[in-house]
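Structure record follows, encoded as structure tokens.
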Amino acid sequence: GAVVSQHPSWVICKSGTSVKIECRSLDFQATTMFWYRQFPKQSLMLMATSNEGSKATYEQGVEKDKFLINHASLTLSTLTVTSAHPEDSSFYICSASPRVFLTYEQYFGPGTRLTVT
Amino acid sequence: AQRVTQPEKLLSVFKGAPVELKCNYSYSGSPELFWYVQYSRQRLQLLLRHISRESIKGFTADLNKGETSFHLKKPFAQEEDSAMYYCALKKYGNKLVFGAGTILRVKS
């Protein structure tokens, strides 16, 4: 149980275009989903927290107009990288927390590798 | 500010040797700490949490508030333990702050 999927697993896009990444909790409802960014051989950096039915909260230094997050349902959150540039190339990972009182566990997706050319 | 420090990028040990992956934290409140593991070509997964005081796959970690540490230990390393290990701190809003990670290589 507690499986999180991401789609696509990897994507290449041209500079200036937008790309959408989906994060789904397959067998549980997630009140909260988190989006992370991971540079090669570096740690995960939290970008934003996504709560179902409300606006995402972004960490300091993350441009909310560039990284649009939508948490439309209890099983789906999307991250859209708008007007992508080569410096946005990275590994994007989502995690989801089940809708259980006081739970703190995050289940991680496999990640999406974005390459902007 | 909340911070997690893993001072070693790489730890290489022989099979059967003891392992200690270091983790120090900085947090003003009462900390909740975790160890996550990422095996080759797999997703990040929770290894253990300090609240549970459990032993998973032979690994244990004790929270030492005086030294602000949460080191991960295993008395006898196995080859299948080779992976990337991340120490993480939970802050407000269930957000996790990760350390830089330590690669553990267990040599035969």
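Chain letters run A, B, ... following the sequence lines, proteins first and then strands; every chain starts at 1.
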Give a yes or no on whether [X] and [Y] share a hydrophobic cluster (residues Ile, Leu, Val, Met, Phe, Trp, Tyr; joining criterion: side-chain heavy atoms under 4.5 Å apart).
{"X": "Leu68(A)", "Y": "Met45(A)", "result": "no"}
{"X": "Ile21(A)", "Y": "Tyr58(A)", "result": "yes"}
{"X": "Val19(B)", "Y": "Leu33(B)", "result": "yes"}

Checklist entry - Is any residue of residues 108-117 of chain A within less than 4.5 Å of chain B by heavy atoms, and which ones? => result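 Listed by number: Phe108(A), Gly109(A), Pro110(A).
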Next on the checklist: Strictly below 4.0 Å, N to O, side chains only: are Lys22(B) and Glu20(B) in salt-bridge contact?
Outcome noted: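 A salt bridge links Lys22(B) with Glu20(B).
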Checklist entry - If you measure from the Lys or Arg side-chain nitrogens to the Asp or Glu carboxylate oxygens, is any gap between Glu59(A) and Lys95(B) under 4.0 Å? => result yes
Next on the checklist: Just to be sure I understand the criterion: a residue of residues 97-108 of chain B counts if one of its heavy atoms is under 4.5 Å from a heavy atom of chain A. Which ones qualify?
Outcome noted: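 Phe98(B), Gly99(B), Ala100(B) fall under the 4.5 Å cut-off.
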So do [Y] and [X] actually touch side chain to side chain, heavy atoms under 4.5 Å?
{"X": "Leu47(B)", "Y": "Leu72(B)", "answer": "yes"}
{"X": "Thr68(B)", "Y": "Ser26(B)", "answer": "no"}
{"X": "Ile93(A)", "Y": "Leu44(A)", "answer": "yes"}

Checklist entry - Side chain, backbone, both or neither: which part of Leu46(A) has an atom under 4.5 Å from a heavy atom of chain B? => result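 For Leu46(A), the side chain is the part near chain B, not the backbone.
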Next on the checklist: Does any backbone or side-chain atom of Gln38(A) lie under 4.5 Å from a heavy atom of chain B? Answer side chain, backbone, both or neither.
Outcome noted: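 Only the side chain of Gln38(A) comes within 4.5 Å of chain B.
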Item to check | Flag for Tyr36(A)-Gln106(A): side-chain donor and acceptor within less than 3.5 Å | outcome: yes
Next on the checklist: For Phe70(B) and His50(B), take the angle between the two ring planes, folded into 0 to 90°, and tell me which bin it lands in: parallel under 30, tilted 30 to 60, perpendicular over 60.
Outcome noted: perpendicular
